[in-house]
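These values consider heavy atoms only, across backbone and side chains, with no hydrogens, waters or symmetry-generated copies. Owing to the predicted nature of the structure, the values given are computational and were not obtained by experimental measurement.
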Amino acid sequence: MWTQIVGKIRLSLAPLQNHWWNCALYVNTRGLTTSPIPYNGRTFEIQFNFKDHRLEVRTSDGDDRAFPLAPKSVADFYHELFAMLHAAGIDVKINPKPQEVPDPIPLDRDETHAAYDPEYTNRLWRILVSTDNVFKEFRARFIGKVSPVHFWWGSFDHAVTRFSGRPAPPREVTDKWTQEAYSHEVISHGFWPGGSGVNGPAFYAYMAPEPAGYGARPPLPSGSTYLDQMHEFLLMYDDVRRAKSPRAEILEFAQNTYAAGADLAGWDRSALER
């Protein structure tokens, strides 16, 4: 919920980019960052420092502020952050309704969720750092349109997405978020801590739209599976940890799920790959 608050601040102020790339967060050497956000002739950055466990705000004119990351309610975090931004001369409004969660409690009134575990937060960040490096290596093999490697605070996953270059068929949805996100043919790879029926963290791959036969097509590393109800391939994180080369395991999973899908969907691979 804390990352949703920070992500929504970036969404409110950063210029709209295709597929909502302007709202994601990025892994860095301390945790997660917004990257520079424009504001009234200045820029500022909000960073989750998961090394020293602080929430940090820095501005381009030299204003540095922070408060500790420790067990506190979502509402307390919300009000503390907005007070700190106001003190730095930054006033912004966000939609306080959380995204992509069941039974959402407005962020500025959520006194229910108040946990923060420094050890496991740091562990998650270290996983994200390692994953970020591998995904950037995978991303570099593609010369077509491809997203940054970025962290989505709604679904809480770290992802990179390749595009065929063709518009996707219209989706039977009315929300503008999904329409913008999937306006073109994609294959997406990511890391996700789990939930919604997935028992544990996993790497995933999916295509939108998904070509017929995709779930049965690619040869995959041991431990991989295709979930029909999710239309996604999964490679469990614990299996990757036990692999002789976790990097090679992730790259094989990503390359094989990409190649099978791109072939089935008729992507022009010779023009898209390095």
Side-chain angles (χ1 to χ4, degrees), residues 3 24-32 48 50-51 117-144 146-153 155-162 186-208 210-211 213-265 267 269 272-274:
T3 64
L25 304 179
Y26 305 98
V27 172
N28 68 6
T29 56
R30 286 296 181 269
L32 290 169
F48 287 96
F50 296 140
K51 185 79 171 173
D117 187 319
E119 178 184 350
Y120 279 87
T121 302
N122 182 267
R123 288 187 185 192
L124 173 62
W125 164 64
R126 284 157 47 201
I127 294 170
L128 292 175
V129 167
S130 298
T131 300
D132 192 71
N133 289 335
V134 179
F135 281 175
K136 283 176 177 173
E137 181 178 352
F138 178 66
R139 181 184 188 272
R141 301 174 177 179
F142 198 74
I143 59 175
V146 60
S147 76
V149 181
H150 45 198
F151 184 86
W152 293 105
W153 39 265
S155 47
F156 214 71
D157 60 322
H158 196 51
V160 61
T161 302
R162 293 177 171 186
V186 302
I187 180 166
S188 191
H189 295 87
F191 169 81
W192 183 46
S196 301
V198 177
N199 187 24
F203 295 89
Y204 67 76
Y206 69 85
M207 291 194 72
E210 181 183 296
Y214 182 49
R217 181 67 180 267
L220 296 170
S222 175
S224 304
T225 187
Y226 179 81
L227 295 187
D228 291 295
Q229 67 272 28
M230 297 179 66
H231 293 278
E232 293 189 14
F233 288 99
L234 294 182
L235 174 62
M236 301 308 292
Y237 171 71
D238 285 342
D239 292 321
V240 172
R241 288 184 65 199
R242 288 190 287 264
K244 183 177 180 180
S245 170
R247 167 188 163 275
E249 196 85 349
I250 298 167
L251 288 173
E252 179 186 357
F253 174 77
Q255 180 60 33
N256 288 358
T257 50
Y258 157 73
D263 287 343
L264 284 169
W267 288 25
R269 291 183 59 188
L272 295 171
E273 298 172 20
R274 188 175 299 282

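Atom NE2 of H189 and atom CD of Q255 lie 8.5 Å apart (nearest 0.5 Å). With rounding to the nearest 0.5 Å, the separation of CD1 in I250 from CG in N133 is 10.0 Å. Rounding to the nearest 0.5 Å places CG of L32 at 11.5 Å from OH of Y26. Put simply, OG1 on T257 and CD on E252 are 10.0 Å apart, with the number rounded to the nearest 0.5 Å. Atom-to-atom distance recorded for E249:CD and L220:CG is 10.0 Å, nearest 0.5 angstrom. For the atom pair CG (L25) and CH2 (W153), the distance works out to 8.5 Å, reported to the nearest 0.5 Å.
Closest approach of L251 to E137, counting heavy atoms only: CD1-OE2, 3.6 Å. Across all their heavy atoms, P221 and L235 have their closest contact at CB-CD1, 4.4 Å. Contact record, F142 with V146: CD2-CB, 4.0 Å, taken as the closest heavy-atom pair. Pairing each heavy atom of V160 with each of F138, the nearest pair is CG1-CD2, 4.4 Å. Nearest heavy-atom pair across A202 and M236 is CB-SD, 3.7 Å.
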Evaluation steps, side-chain contact (heavy atoms from CB on, under 4.5 Å), between H231 and Y226: CA-CA 7 Å; H231 293 278; Y226 179 81; 3.3 Å; yes

Test side-chain contact (heavy atoms from CB on, under 4.5 Å) applied to L128 and F50, step by step: CA-CA 11 Å; L128 292 175; F50 296 140; 6.0 Å; no

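Each of Y214, Y206, F203 was compared with F233 under the ring pair (Phe, Tyr, Trp, His ring centres under 6.0 Å) criterion, and only Y214 meets it.
Aromatic ring centroids of F191 and Y204 lie 6.0 Å or more apart.
No more than 12 heavy atoms of other residues, nucleotides or ligands lie within 6.0 Å of CG in N199, so this atom counts as exposed by the packing criterion. Within a 6.0 Å radius of CZ in R269, more than 12 heavy atoms belonging to other residues, nucleotides or ligands are found.
R162 contributes no side-chain N or O that, together with a main-chain N or O of G144, makes up a donor-acceptor pair within less than 3.5 Å. Here the side chain of R217 pairs no donor or acceptor atom with the backbone of G261 at under 3.5 angstrom. No donor-acceptor pair under 3.5 Å is formed between the side chain of W125 and the backbone N or O of T29. A donor-acceptor pair under 3.5 Å is absent between the side-chain atoms of H150 and the main chain of A24, judged by distance alone. With hydrogens and angles ignored, the 3.5 Å screen pairs a side-chain donor or acceptor of N256 with a backbone N or O of P219.
Here the side chains of I143 and R274 are in contact, with some heavy-atom distance below 4.5 Å. Within the 4.5 Å cutoff, no side-chain heavy atoms of V27 are placed close to those of T131. Residues H158 and W192 form no side-chain contact, since every pair of their non-hydrogen atoms from C-beta on lies 4.5 Å or further apart. Between M207 and L264 there is no side-chain heavy-atom pair separated by less than 4.5 Å.
Checked for salt-bridge contact, D132 and K136 meet the test: a charged N lies under 4.0 Å from a carboxylate O.
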